Structure formats: C-alpha cells, structure tokens
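In this text the structure is predicted, and so the values were computed from the model without any measurement. All values below were derived from every heavy atom in this structure, side-chain atoms included, with hydrogens, water molecules and symmetry-related copies excluded.
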Amino acid sequence: MADNARAKKLADLIREVVAEKLQRGIKDPRLGTHVTITDTRVTGDLREATVFYTVYGDDEERATAAAGLESAKGILRSAVGRAAGTKFTPTLTFVADALPENAKTIEDLLDKARASDAQVREASSGAAFAGEADPYKKPGEDEAAE
C-alpha cells in the first residue's frame with residue numbers, strides 16, 4: 001500500500017501526461033481539442049487510475065469522445081508508463097465528469113432563488129410595519145406611560 005502523497009503525485013503526473021498526449025500525440029479526430037482532463041484519482045495500491053474528463057459539445061460529441069478515449073487507452077497507458085517509471089503502470093478508466101451538469105443545476109437553482117427574492121422585494125415595497133417602527137422598549141418609557 002502506497003502513501004497518499006505518492007498516489008497524489010502519480011495522479012497529477014497521469015493527468016498531465018494524458019492531457020499532453022491528447023493534445024499533441026493522438027491523431028484521432030473524435031478527440032480533437034474539445035476534450036479536457038479535469039481530475040485524476042489513483043487507488044491506494046497504485047494499480048488503477050480514474051481519469052475524469054469533460055467534452056465541450058452536445059451528447060453526440062460526448063459519445064464519440066468516449067469511444068475515442070476507449071480506443072486510445074493503450075497508447076495513453078504506454079505514455080503514462082514511460083513518464084512514471086514505476087514497476088506497474090496503472091490501468092486507466094475514463095469517466096465523464098459531471099461537473100458541467102452540476103454547475104448548470106446550481107445555476108438554475110440560483111436563478112429561481114433570485115426570481116423568488118425579486119417577488120418578495122416587489123411585494124414588500126409598499127408594505128408598512130405590522131406594529132411600530134421600533135418595537136423595542138427603551139428605558140424610561142414605562143414610567144412615562146403610567
């Protein structure tokens with residue numbers, strides 16, 4: 001079992017090597033320049049690596065990029081093995097990152113909250129206080145009222 005620092009260092013190296021190889025070394029038209037490597041995680045025994053990626057485009061482009069990554073997996077693993085210099089090169093698993101969808105969901109929820117806040121602000125613009133403007137008693141007011 002490797003320590004976490006070594007796994008993190010290997011994960012960073014894998015992310016850099018895969019991104020560089022996708023940008024300059026693989027001629028597959030399905031991958032193009034619209035694939036971005038967002039994160040990499042390596043298991044504690046350094047045997048498996050999960051590479052998270054995003055694709056700029058629609059669902060069809062995401063599917064073709066996933067097929068392109070699967071077909072280039074061997075080339076990418078070889079490049080990682082040369083760069084890492086470890087006894088065992090981790091197997092690569094490519095997973096589409098859900099970050100863009102999560103960000104869109106959060107942005108939609110924030111838009112709903114802004115609209116709700118605007119409605120409340122509009123409804124309360126002409127409203128008056130339910131009681132007095134200052135509902136707190138001040139010292140000396142009780143004696144003056146009696």
Side-chain angles (χ1 to χ4, degrees), residues 1-139 141:
M1 184 68 83
D3 59 76
N4 287 338
R6 186 171 177 198
K8 176 71 172 144
K9 187 183 284 189
L10 183 61
D12 291 341
L13 177 73
I14 291 171
R15 187 183 71 237
E16 291 172 11
V17 168
V18 169
E20 181 72 25
K21 193 72 172 168
L22 285 176
Q23 187 176 14
R24 297 204 173 124
I26 296 186
K27 305 294 185 217
D28 192 342
R30 296 177 290 185
L31 297 176
T33 58
H34 55 275
V35 176
T36 304
I37 304 300
T38 57
D39 193 17
T40 306
R41 296 189 184 140
V42 178
T43 58
D45 60 357
L46 305 179
R47 296 279 180 159
E48 298 175 12
T50 304
V51 180
F52 294 93
Y53 68 94
T54 59
V55 178
Y56 183 73
D58 58 1
D59 290 335
E60 181 181 332
E61 290 177 350
R62 288 185 190 113
T64 58
L69 286 170
E70 280 300 314
S71 69
K73 188 183 286 191
I75 296 169
L76 294 172
R77 186 172 181 223
S78 297
V80 167
R82 280 192 300 275
T86 57
K87 182 177 180 180
F88 182 81
T89 303
T91 58
L92 301 178
T93 305
F94 292 96
V95 176
D97 199 353
L99 185 69
E101 289 83 16
N102 291 344
K104 182 168 177 18
T105 302
I106 290 172
E107 192 62 38
D108 291 343
L109 291 172
L110 288 173
D111 288 340
K112 286 181 185 177
R114 285 185 199 108
S116 175
D117 287 349
Q119 287 177 347
V120 168
R121 196 175 310 115
E122 184 179 313
S124 67
S125 64
F129 292 107
E132 299 174 14
D134 187 10
Y136 300 103
K137 293 183 180 180
K138 296 183 178 43
E141 283 186 359

Closest non-hydrogen contact found for Ala84 with Leu10 is CB-CD1, 3.9 Å

*Would a 4.5 Å heavy-atom cut-off, applied to side chains only, mark Thr86 and Leu46 as touching?*
no

Rounded to the nearest 0.5 angstrom, the CD1-CG distance for Ile106 and Asp111 is 12.0 Å

- Apply side-chain contact (heavy atoms from CB on, under 4.5 Å) to Tyr53 and Leu69, showing your working. CA-CA 10 Å; Tyr53 68 94; Leu69 286 170; 3.6 Å; yes

Correct closest heavy-atom pair for Val35 and Ala65 would be CG2-CB, 3.9 Å

What verdict does the side-chain contact (heavy atoms from CB on, under 4.5 Å) test give for Val51 and Ile37, after you've listed the backbone C-alpha separation in whole Å, the side-chain angles of each residue and the deciding distance to 0.1 Å?
CA-CA 7 Å; Val51 180; Ile37 304 300; 3.8 Å; yes

| said: Using a 3.5 Å distance criterion without hydrogens, assess whether the side chain of Thr36 forms a donor-acceptor pair with backbone atoms of Thr38. | reply: no

* Asked: What's the verdict on side-chain contact (heavy atoms from CB on, under 4.5 Å) for Glu61 and Tyr56, showing C-alpha distance, side-chain angles and the deciding distance?
  -> CA-CA 8 Å; Glu61 290 177 350; Tyr56 183 73; 5.8 Å; no

d(Asp97 CG, Asn102 CG) to nearest 0.5 Å is 8.0 Å

Run the salt bridge (Lys or Arg N to Asp or Glu O under 4.0 Å) test on Asp108 and Lys104 for me, step by step, so that the C-alpha distance in whole Å, both residues' side-chain angles and the decisive distance to 0.1 Å come before the verdict. CA-CA 6 Å; Asp108 291 343; Lys104 182 168 177 18; 3.6 Å; yes

Exercise. Quick one: are Glu20 and Val17 in side-chain contact, heavy atoms under 4.5 Å?
Worked result: no

Review point. Are any non-hydrogen side-chain atoms of Val18 and Phe94 less than 4.5 angstrom apart?
Key: yes

State plainly whether the residues Glu107 and Lys112 are in salt-bridge range, i.e. N to O under 4.0 Å. no

Test: Asp12 and Arg15 ion pair at under 4.0 Å: yes

Report, one line per pair, each donor and acceptor closer than 3.5 Å where one atom sits in a side chain of residues 73-81; sequence neighbours left out.
from: Lys73; atom 1: NZ; to: Glu70; atom 2: OE1; distance (Å): 3.2
from: Lys73; atom 1: NZ; to: Glu70; atom 2: OE2; distance (Å): 3.4
from: Lys73; atom 1: NZ; to: Leu92; atom 2: O; distance (Å): 3.3
from: Arg77; atom 1: NE; to: Thr89; atom 2: O; distance (Å): 3.3
from: Arg77; atom 1: NE; to: Pro90; atom 2: O; distance (Å): 3.1
from: Arg77; atom 1: NH2; to: Thr89; atom 2: O; distance (Å): 2.6
from: Ser78; atom 1: OG; to: Gly74; atom 2: O; distance (Å): 3.0

CG of Asn4 to CZ of Arg6, rounded to nearest 0.5 Å, is 12.5 Å

Here the gap from Ile14 atom CD1 to Lys21 atom NZ, rounded to the nearest 0.5 Å, amounts to 15.0 Å

Asp117 with Arg121: basic N within carboxylate O range, under 4.0 Å: no

